[in-house]
Amino acid sequence: MERILRGHLIEAVGRVLAEPMVTIEITPPKDEGHGDLSTPVAMSLTKLLKKPPRKIAEDIVSAIGPSGTFGKIDIAGPGFINFTFSHSFLCKELHGLISSGESFLTENIGRGRSIQIEFVSANPTGPMHLGHGRGAALGAALSNLLSEAGYRVEKEFYINDAGRQVRLLGISVFAKYQTLCGVEYPFPEDGYRGDYIEDISREIKEKHGDAFAGKDFDEASVPFVDFSYLKMLGLLKKDLEDFGVFFDTWQSERELYANGEVAQAINDLRERGYIFEEDGATWFRSTAFGDDKDRVIIKKDGEFTYFAPDIAYHRKKVARGFDELIDIWGADHHGYVGRMQAVIQALGCPKDSLRVLLVQMVSLLKGGQPVQMSKRAGEFITLREVMDDIGADTTKFLFLTRRSDSHLEVDIEVAKAQSAENPVYYVQYAHARINSIFEKAKQEEEAAGLPAGNLEQSLTAFNGDCFNDEEMRLVKKLLLYPMMFKNAALAHEPHRITFYLQELAGMFHTYYHKYKVVTQELELTRSRLALCRAVQIVLRHGLKILGVKAPDRM
RNA sequence: GCCCCCUUAGCUCAGUCGGAUAGAGCACAGGUUUCCUAAACCUGGGGCCAGAAGUUCGAAUCUUCUAGGGGGCACCA
């Protein structure tokens, strides 16, 4: 719908301007009475053309000329041009939606370009918390969205298996192990304290007995560190799988060191002139690209900072030839955006070839009261708990009902207690309902001695004249999906899908209550079934992007 | 101290790169089922878009300042 209008407008505005205009804004008007789609383009051209907006609007309208597409074109207010589509055009579009399905709903804005999305990348030192879950839901939905929009998408998880954190995990387990063996050993001050630490140490004790009792950590670090983080990594993978989030590639930090890629990255930057030595340390000149200060990559004690492998990692991404990179980080890392984009530019890529999406915190409430979460004390609600409690679909849907950069509150009591009135069920229910309408239609056909499923197979032969105003409202809502989809993909904002689905489901539920789909009149029934099918196609597509099931029965 | 984000209905939040009378869900009050699923529907009250000034045909949206909330500012990860 928007696509067709845009075609008309580009041509007409081009004729008025005598040159093509790049961006023409098209939006559905707030007040439905004003029409189906609207453009303020005449007003934004006033300065350029030095004419009153309404005059420009008139010129554009006459340049469009008569067309069967529109039922009416109005100029209103200060200079809006409001388009009302013709009944026949809308029906033709609905026909297209039903017969072409998904290809009608999407737009190929990626044109085969490749894009890598790195997300979650939680340290394998403990279970995933809700923030990770939010990142997982967003990353998965975004990759679905972008791959539907014609990008080749790769989903990657970066494993922080080399740094201080996994070592600390090993020490924590080691300390617990010593205690189990009856050896006194100080627990590291900032060590990990969850129950899982004890579980792992017990497992090691069962396997190796007292073999490491009383030893120095350095003698046993490899088995403890490696066993522990691999164990945790396995749990992360399991959690993600059960959450319905899958990755294409897993990049290990250790491997970057082992392959010499960290050293190569530093050499590369040195050759490009962005490395210097000062105060006994090695620095990356990130201020050359607008960062606040230069960053140390090798400390004066000879150790790499965490930043060094990050550079190597992103250099590797660049070398793999993606057209665009997306990192999804927790908002507490926003201070690193500047230096990472400096790295990208130092490697000769445009700044915006790396886009960092920040995911704000999830705060958990229980019956309105905030739940204190302390990772230190090992007291925090895990994604696993919430997922087991309210289900993966509900959890994902809730995470995707907000923009990623705004704080999210989840009240676990509310999510549980109100599960019956949960927005995800509302949308899924609409889908299931439509399915049962089709079941009903089949039964009626059989009862009438007709071949069952005949109606269902001839939906595209629906007669649009049967549609009343409310049905046409639904049709228009459906035909707005492609525009919403395109904008969501361009903005990298899956939450727009969530909102749209709730609106569409709401409209459908209302319609369902007011009108009976399966009637005694064949023509009418076929038309209404066609409309239901179209709603179902759109719901299914939207839910698929969100990673939420579209059940046939509930 | 410096930087970033946030502030919209009682609560949680949308608001499409400046557009027409600012929306939804929840909560609250009342109603709907001989009928394709009541996980649904209908009706109702609710707002100085934190505050002030500016930019222009036009501001919740852009700029500046103020107030409040969150986060970040390491040769820590």
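As the structure is a prediction and not an experimental result, all values here were calculated from the model. Convention: sequence-line order gives letters A, B, ...; per-chain numbering from 1.
Heavy atoms of A:M43 sit under 4.0 angstrom from at least one base atom. Using a 4.0 Å heavy-atom distance criterion, A:P423 is classed as making no nucleic acid contact. Nucleic acid contact for A:N82: base, since at least one base atom lies under 4.0 Å from a heavy atom of the residue. No engagement by A:N160 is indicated, since no non-hydrogen atom pair under 4.0 Å with the nucleic acid exists. Base engagement by A:A432 is indicated by at least one non-hydrogen atom pair under 4.0 Å involving a base atom.
Near RNA chain B, meaning a heavy atom under 4.0 Å from it, residues 500-516 of chain A has A:H509, A:T510, A:Y512, A:H513, A:Y515, A:K516 in order of number. Scanning residues 437-449 of chain A for heavy-atom distances under 4.0 Å to RNA chain B yields A:I437, A:K440.
For RNA chain B, if you chain together Watson-Crick or G-U pairs that step i with j, i+1 with j-1 and so on, the runs of at least three with distances under 3.5 Å are B:1-7 with B:67-73, B:10-13 with B:23-26, B:28-32 with B:40-44, B:50-54 with B:62-66.
Here A:R433 reaches the OP1 or OP2 of B:rA38: one of its side-chain N or O atoms lies under 4.0 Å away.
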Between the protein and nucleotides 9-16 of chain B, list every N/O to N/O distance that falls short of 3.5 Å.
residue	atom	partner	partner atom	Å
B:rU12	O2'	A:R402	NH2	2.6
B:rC13	OP1	A:H407	O	2.9
B:rC13	O5'	A:R402	NE	3.3
B:rC13	O2'	A:R402	NH1	3.4
B:rA14	OP1	A:R403	N	3.0
B:rA14	OP1	A:S406	OG	3.0
B:rG15	OP1	A:H495	NE2	3.3

What does the list of N/O pairs under 3.5 Å between the protein and nucleotides 45-49 of chain B look like, with a distance for each?
none

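The side-chain contact (heavy atoms from CB on, under 4.5 Å) check on A:N435 picks up A:E439, A:Q536, A:D552, with sequence neighbours excluded.
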